[in-house]
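Letters go in sequence order (proteins before strands), and every chain restarts at 1.
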2 protein chains.
Amino acid sequence: MTSSQGGRVTQRKIAELAGVSQATVSLVLNGRTDNGVRIPEETRKRVLDVIKATTYVADPVARSLVGGMNNLVGVFTYEHAFPNETSDFYTPLLTGVESAAEALGLDLLMFTSAPLVDGRRRIFHENSRLRLADGCILLGRKMDNGELAKLRDSGYKFVAIGRRDVEGIAYVGVDYGTPTRELARQAIEAGHSAAFYARLSLAGESSRDRHDALTDELAAAGIALTQAETTAVGLAEVWRRVRAGGATILFVEDPKDAEELYALAAADGVAVPDDLSFVVLGERDRKGGCGVDFTCFSAPRTELGARAVALLDQILKGVQGPTLSTRQLLECTVLPGRTLGVPSVRSYR
Amino acid sequence: MTSSQGGRVTQRKIAELAGVSQATVSLVLNGRTDNGVRIPEETRKRVLDVIKATTYVADPVARSLVGGMNNLVGVFTYEHAFPNETSDFYTPLLTGVESAAEALGLDLLMFTSAPLVDGRRRIFHENSRLRLADGCILLGRKMDNGELAKLRDSGYKFVAIGRRDVEGIAYVGVDYGTPTRELARQAIEAGHSAAFYARLSLAGESSRDRHDALTDELAAAGIALTQAETTAVGLAEVWRRVRAGGATILFVEDPKDAEELYALAAADGVAVPDDLSFVVLGERDRKGGCGVDFTCFSAPRTELGARAVALLDQILKGVQGPTLSTRQLLECTVLPGRTLGVPSVRSYR
DNA sequence: CCCCCGTGATAATAGGTATTATCCTCTTGA
DNA sequence: TCAAGAGGATAATACCTATTATCACGGGGG
């Protein structure tokens, strides 16, 4: 009631104070000098002076309505963006997003109004406010490719973080295949001949990449590989199968699974890496910093975020000069760790 | 493909299809039955059927435009909001901010476009975009009270996190005095009679609170207290003075200082708490989670963030029903830790 | 003298929704 | 038959900005 009429300074108020029309104010603000538009320096200065005196800022809502730019980059996260007890997934990415946005003079609009249902946010809900931003960065492990396609068809500009196998979608992702192959080769060189892969569902692109790279590389070396999906069969059962199968090396996709399997191994008196090697095909978990020094790899997450913003900015502003690729893959670093060793001769069963 | 070129489905299109006016569609959608508004069941059903058949979604932009409010809560941080190598200060607060915003259906606007100068952001810079949001949460250790007063005078609605001794400013802060007194009493009960206080500058309200509470409580018990400002004299010198002074207990305001002083003590072979007790008058540092289990206290930071958003929301929407206080202080929890013990009889010098 | 053109600024309008005032029709009571 | 009123739906308008078409004015060339 009070805040709407008394509060906001509009172009009309500026116009009154400067003794010009609202249209003139808009033209000055946008620095228009196109065909037919001429504003003498004197008038321009008068308007700008009034604006400075009043702290005017264009209403992003009205601006969006007419299709203008807000210098707002949306950030959509499928889960809570800020870390809580259970998750600290986005933080490194957002660090990069923030620094890039700062460098480009953009503000970040976090779509917290999209409520979590079943622990996930939905892009298309009752009243999605995505359009408040000029474009959007999409963050999340499990995006729905159907939703992505729908969003793309709506004409909305966005960049996904993580590779997406959907036609016409810009992304900045991580090459998981190469480090997976590298670790597989290390395992082969170490002399392992029986491996187990505790993986996640193959629904996501990154999971498939790891899976394909690992199976491919091991098969080429003639090494036996048994697989199990941890969420499907449960970690206790996975561990039982590992022991029953006689594998000397265990590849684990999810770092949390790795922590737990490691604990199970320790409980059974299995020494790592003397009895059994552990290789994590993913990021070392931050929260587990006090834990095990796993052999794993690390993605440049902060740079990932920064690149995504830069790419989105380019897409929004239209191409000019050197262009960034709309589909980028960044390289991982392999972290040696202390959990990959030579296979033991003795059986630990 | 349907929605991109043809544009989105609007109320007007629904109206045409249902053979009614746009106003009727709006009334149906909002379920209005107020005075004067009557819509027979038959018409209502017809409109709803058309809506179901199409993919109509109300445009949030237009909706905000007419409402006057953006449902945007600004978040202004004086430093980078997202953690980097050097700082992880805001994260717990932002976790609370996010959950409260989600509950209230608000989006968060992070003012990253305000560039850092000398490691700090400035509220009033070239073109502050603060007014993009309906109101704003202010986060930061060292806010400038002059800036705050200026912002208040501009009529802008905001809530500060942390107590601010500026007239007419809403805040949600932490009561540091009470836990400081509590820890001081514990020290007294333990038998300490000579204390040292390694503190920060007294510029901030929270620093003064701690200082006043500590000096007051110790003085009442007739205990000698020596002070030094760590940033002014340097930690090495502080440590020298601590040793020279013969204090049996060291109060440290800043957790990082505490970590370093602890390291200096360890290097000198001083045992904690047997030779010297450490009490931290602040939050245990997260990054130092693997480090020392300091006796300290902990502020409910997540709740702090959530309350700030709730308070701002109330201020923006105008009062109705039970009201939150515009100046709140939350209680700390004292964490016993392992660094407060009884004073040693032997001198460690 | 009239036409044309350059200069400077404005009126009008779109964009989608919510709200209010207004209008039309039909029924009922006197 | 007319006034009153209820029921049903719409036109008009506001919200704020960006854009386009238009207008007023004066000077120079024909």
Side chain of A:Arg38 - closest among C:dG8, D:dT20, C:dT17: C:dG8
Within-4.5 Å side-chain heavy-atom neighbours: A:Tyr56 and A:Gln11: yes
B:Arg121 to B:Phe111, cation-pi by 6.0 Å centre distance and 45° axis angle: no
Touch class at under 4.0 angstrom, heavy-atom based, for B:Ser64 against every strand present: nothing
Flag if over 12 foreign heavy atoms under 6.0 Å of CZ, B:Arg44: yes
B:Ser21 side chain, from C-beta outward: closest of C:dA11, C:dT19, D:dT10: D:dT10
B:Leu65 side-chain proximity, nearest of D:dC16, D:dA14, C:dT10: D:dC16
From D:dC16, D:dT10, D:dA18, nucleotide with atom closest to A:Asn30 side chain: D:dA18
Below 4.0 Å: OP1/OP2 of D:dT19 and any side-chain N or O of A:Arg32: yes
Options C:dT17, D:dT19, D:dA11, nucleotide nearest the side-chain atoms of B:Ala23: D:dA11
Sugar-phosphate only, base, or nothing, as touched by B:Val37 at under 4.0 Å among non-hydrogen atoms: nothing
B:Arg63 CZ to D:dC16 P, straight-line distance once rounded to whole Å: 18 Å
Short side-chain N/O contact from A:Thr24 to OP1 or OP2 of C:dT10, under 4.0 Å: yes
Side-chain donor-acceptor pair present, B:Asn70, B:Ser64, cut-off under 3.5 Å: no
N or O in side chain of A:Tyr56 less than 4.0 angstrom from D:dC16 OP1/OP2: no
Comparing A:Gln22 and A:Pro40 on DNA chain C - which has the more 5′ nearest nucleotide: A:Pro40
